[in-house]
Amino acid sequence: MKLPLPLVSLALALLAAPAFAQVPPPAISVTGEATVSVAPDQAMIDGGVTSDAKTAREAAEANNAAMAKVLAALKGAGLDDKDYQTSRLSLQPKYAPDRAGGSPATVSGYRGSNRVTIKVRDVSKVAGVIDALVGAGANEIGGINFVVSQASKVLDEAREKAVADARRKADIYAKAAGVTLGDPIGISEEGSAPVPMYRSKVAAPMAASGAPVAQGEETLSVTVSVSWAIKPKQ
């Protein structure tokens with residue numbers, strides 16, 4: 001079936017015509033930034049016991065007994081079972097120093113190690129938990145991490161401030177350009193900063209006498225990108 005000549009010409013014209021790109025509406029795009037400072041309300045403590053003995057069995061038994069006392073002390077300090085868990089358990093041989101002449105190293109004993117990660121839901125109790133650990137025989141306190149448990153809720157305040165900061169900047173640009181801001185046509189968060197954690201290493205002998213613990217303050221930040229439609233000034 002042959003098409004009439006006018007229809008063929010129209011079809012060819014439509015195929016040859018370039019696609020018209022959609023022109024975005026006039027807009028002002030800016031970024032807004034804000035920070036909120038808050039005291040951390042929880043802490044994570046890493047601690048445990050290391051035991052040395054001549055045989056693997058003796059090292060394991062000594063370590064198990066020592067760790068049982070540590071876990072009992074944590075329970076006695078008022079911590080729930082769900083707030084502490086084993087993070088590393090190992091039993092390894094110890095080797096005597098290499099002798100001259102390249103002779104094979106010999107096993108001089110065994111070392112058992114058991115570490116536990118503890119969540120302290122009240123930062124005022126951190127020093128007391130450390131004292132309980134050391135008093136029960138823990139000879140390794142790896143560090144303390146202070147965290148903000150409800151970081152997202154805290155960041156909501158920063159988000160509101162960041163949008164207000166973006167609006168302030170947009171108003172400045174609109175005034176300088178002689179236009180009026182309309183409604184926002186796009187808002188995106190460019191990623192909030194990860195919740196900072198303060199790491200503190202506490203030596204066991206120092207902790208035994210009541211280590212001073214300073215929780216400090218965390219600063220959370222948010223950056224948003226906002227686009228406003230613009231129109232000529234009335």
Taking the side chain as every heavy atom from C-beta outward, state whether R115 and T86 have any pair of such atoms under 4.5 Å apart. no

What pairs of donor and acceptor atoms, side-chain ones from residues 146-153 against any protein atom, are under 3.5 angstrom apart with sequence neighbours left out?
from	atom 1	to	atom 2	distance (Å)
S149	OG	D41	OD1	3.3
S149	OG	D41	OD2	2.6

Would you compute the distance between atom OG1 of T223 and atom CG of D165 and round it to the nearest 0.5 angstrom? 9.5 Å

Heavy atoms of V70 and L133 approach each other most closely as CG1-CD2, 3.5 Å

Could you give all pairs that pass the salt bridge (charged side-chain N to carboxylate O under 4.0 Å, His left out) test and reach residues 26-40, with sequence neighbours left out? none

Checking side chain to side chain contact (heavy atoms under 4.5 Å, CB included) for the pair T117/M44: CA distance, chi angles, key distance, verdict? CA-CA 7 Å; T117 300; M44 303 294 291; 3.6 Å; yes

Check whether the side chains of T219 and S37 place a donor and an acceptor atom closer than 3.5 Å, and report yes or no. yes

Check whether D80 reaches the backbone of K82 with its side chain - one donor and one acceptor, N or O, closer than 3.5 Å. no

Could you give me the CA-CA distance, side-chain angles and deciding distance for V49 and N63, then say whether side chain to side chain contact (heavy atoms under 4.5 Å, CB included) is met? CA-CA 7 Å; V49 291; N63 193 254; 3.5 Å; yes

Quick one, I144 and V126 - any side-chain contact, counting heavy atoms below 4.5 Å? yes

So, using side chain to side chain donor-acceptor pair (under 3.5 Å) as the criterion, who are the partners of S29 when residues are at least two apart? S227

When every non-hydrogen atom of V30 is compared with those of A166, the smallest separation belongs to CG2-O, 3.3 Å

Heavy-atom pair with the smallest gap, counting every atom of V226 and P184: CG1-CB, 4.3 Å

A side-chain contact here means heavy atoms from C-beta on lying under 4.5 Å apart; do P232 and T180 qualify? no

Are R167 and D171 close enough for a salt bridge, meaning some N to O gap below 4.0 Å? yes

4.5 Å side-chain heavy-atom contact, I118 and D83: no

Residues in salt bridge (charged side-chain N to carboxylate O under 4.0 Å, His left out) contact with R88, at least two apart in sequence or another chain: none

Cluster overlap L89 with I45, hydrophobic side-chain contacts below 4.5 Å: no

For residues L181 and Y173, determine if any side-chain heavy atom of one lies less than 4.5 Å from a side-chain heavy atom of the other. no

Can you measure from CG (L74) to OH (Y84) and round to the nearest 0.5 angstrom? 6.0 Å

State which residues pass side chain to side chain donor-acceptor pair (under 3.5 Å) with N114; sequence neighbours excluded, sorted by chain then number. none

In terms of heavy-atom contacts, V163 and W228 come closest through O-CH2, 4.4 Å

Residues forming a side-chain contact (heavy atoms from CB on, under 4.5 Å) with D183, sequence neighbours excluded: none

So, using side chain to side chain donor-acceptor pair (under 3.5 Å) as the criterion, who are the partners of N64 when residues are at least two apart? none

Could you walk me through whether E190 and V224 pass side chain to side chain contact (heavy atoms under 4.5 Å, CB included), step by step? CA-CA 6 Å; E190 297 186 0; V224 296; over 6 Å; no

Run the side-chain contact (heavy atoms from CB on, under 4.5 Å) test against S90 and tell me which residues pass, sequence neighbours left out. S113

Nearest heavy-atom contact between A132 and A73 is O-CB, 3.7 Å

Here the pair of heavy atoms bringing A229 nearest to I185 is CB-CG2, 4.0 Å

I'd like to check the side chain to side chain donor-acceptor pair (under 3.5 Å) partners of K125; sequence neighbours left out, ordered by chain and number. none

Among residues at least two apart in sequence or on other chains, which ones pass side-chain contact (heavy atoms from CB on, under 4.5 Å) with K94? D52, S108, R111

Check whether I28 and I172 end up in the same hydrophobic cluster, where Ile, Leu, Val, Met, Phe, Trp and Tyr are linked by side-chain heavy atoms less than 4.5 Å apart. no

Can you name the residues that form a side-chain contact (heavy atoms from CB on, under 4.5 Å) with V36, not counting sequence neighbours? V154, E157, A158

Heavy atoms, side chains only, cut-off 4.5 Å: are K169 and T31 in contact? yes

Intermediate values then yes/no, side chain to side chain contact (heavy atoms under 4.5 Å, CB included), V134 and N139: CA-CA 7 Å; V134 177; N139 52 17; over 6 Å; no

Under the salt bridge (charged side-chain N to carboxylate O under 4.0 Å, His left out) rule, what pairs show up with a residue in residues 67-79, not counting sequence neighbours? K75-D81

Residues, nucleotides or ligands: over 12 heavy atoms within 6.0 Å of R121 CZ: yes

